[in-house]
Amino acid sequence: QFKQWSFSSGIQSATVTGGTFNVGMESTYSRLYPENLYSNNPAWINSLQVGLSQPLLRGFGTDVNYLRAIAAGSWHHELADKWVFSLGGKAGAINGLGENVPLFEHFMAGGRDLRGFEFGGVGPRDQVTGDALGGKYLLTNSAELSFPLGGAMEELGVNGLLFVDG
């Protein structure tokens with residue numbers, strides 16, 4: 001049985017932090033059963049997040065207006081029983097709306113987006129301190145194969161995973 005395509009959208013967060021108003025919105029399109037990611041073959045997960053930062057009190061906290069957008073998607077196909085091939089990607093951009101974007105708002109590659117590297121472990125660095133500088137754009141992709149390990153590992157819900165991230 002196939003679940004019909006579904007769409008959900010809404011304000012993910014609206015917060016005031018350090019004198020800055022941030023709005024986060026997420027829209028998700030999916031063709032999935034919530035209890036089992038791979039019950040539909042193939043399965044798609046797509047999302048779009050858009051955030052706008054607007055200083056409420058100029059001079060306190062940050063004084064920068066900026067717009068940030070992130071699009072992500074993944075595709076999963078069960079090749080055989082519990083053998084799942086997946087492709088995924090993520091793209092992001094941030095614009096200071098005529099102003100410089102604060103360093104702490106830059107995209108940092110590594111961590112969950114690029115396994116094998118610590119968060120902020122990939123990208124330009126300050127020549128004096130060696131600190132990660134991040135960037136105004138982010139593009140990542142991955143391919144992976146998940147497979148059962150059998151025996152006690154399967155009973156514990158542990159799978160093997162081969163992956164390539166870029």
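As the structure is a computational prediction, the values presented were derived from the model and not from experiment. The figures that follow rest on heavy atoms only: side chains count, while hydrogens, waters and symmetry mates do not.
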Got a sec, which residues hit salt bridge (Lys or Arg N to Asp or Glu O under 4.0 Å) with R125, two or more places apart in sequence or on another chain?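 Testing R125 for salt bridge (Lys or Arg N to Asp or Glu O under 4.0 Å), a comparison that skips the adjacent residues, returns none.
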Determine whether [X] and [Y] make a side-chain contact, defined as any pair of heavy atoms from C-beta on separated by less than 4.5 Å.
X	Y	value
L133	L103	yes
R115	E144	yes
N141	D165	no

Show me, pair by pair, the donor-acceptor contacts under 3.5 angstrom made by side chains of residues 147-157, not counting sequence neighbours?
{"from": "E154", "atom 1": "OE2", "to": "K82", "atom 2": "NZ", "distance (Å)": "2.7"}

Side chain to side chain contact (heavy atoms under 4.5 Å, CB included), that's the test. Do I94 and L138 meet it? Break it down for me. CA-CA 9 Å; I94 187 167; L138 176 71; over 6 Å; no
Where is the tightest heavy-atom contact between [X] and [Y], given as atom of each residue plus distance?
X	Y	answer
A93	Y137	CB-CD2, 3.7 Å
P124	G134	CG-O, 3.4 Å
G120	A132	O-CB, 3.3 Å

N159 side chain to S146 backbone, donor-acceptor under 3.5 Å: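 No, N159 side chain to S146 backbone: no donor-acceptor pair under 3.5 Å.
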Value rounded to 0.5 Å, distance of [atom1] in [X] from [atom2] in [Y]:
X	Y	atom1	atom2	value
H77	L145	NE2	CG	11.5 Å
S86	L161	OG	CG	8.5 Å
R112	F119	CZ	CZ	11.0 Å
K90	S74	NZ	OG	12.0 Å
D113	T140	CG	OG1	4.5 Å

Going only through I, L, V, M, F, W and Y residues with side-chain contacts under 4.5 Å, is there a path from V158 to W83? yes
When hydrophobic residues are tied together by side-chain contacts of less than 4.5 Å, even through go-betweens, does I70 share a cluster with V101? yes
For L87, which residues count as a side-chain contact (heavy atoms from CB on, under 4.5 Å) partner, sequence neighbours excluded? W75, F85, A143
For atom CZ of F163, decide whether the heavy atoms of other residues, nucleotides or ligands shown that lie under 6.0 angstrom number more than 12. yes
Answer yes when K136 and E105 have at least one side-chain N-carboxylate O distance shorter than 4.0 Å, and no when they do not.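 No, no charged N to carboxylate O under 4.0 Å.
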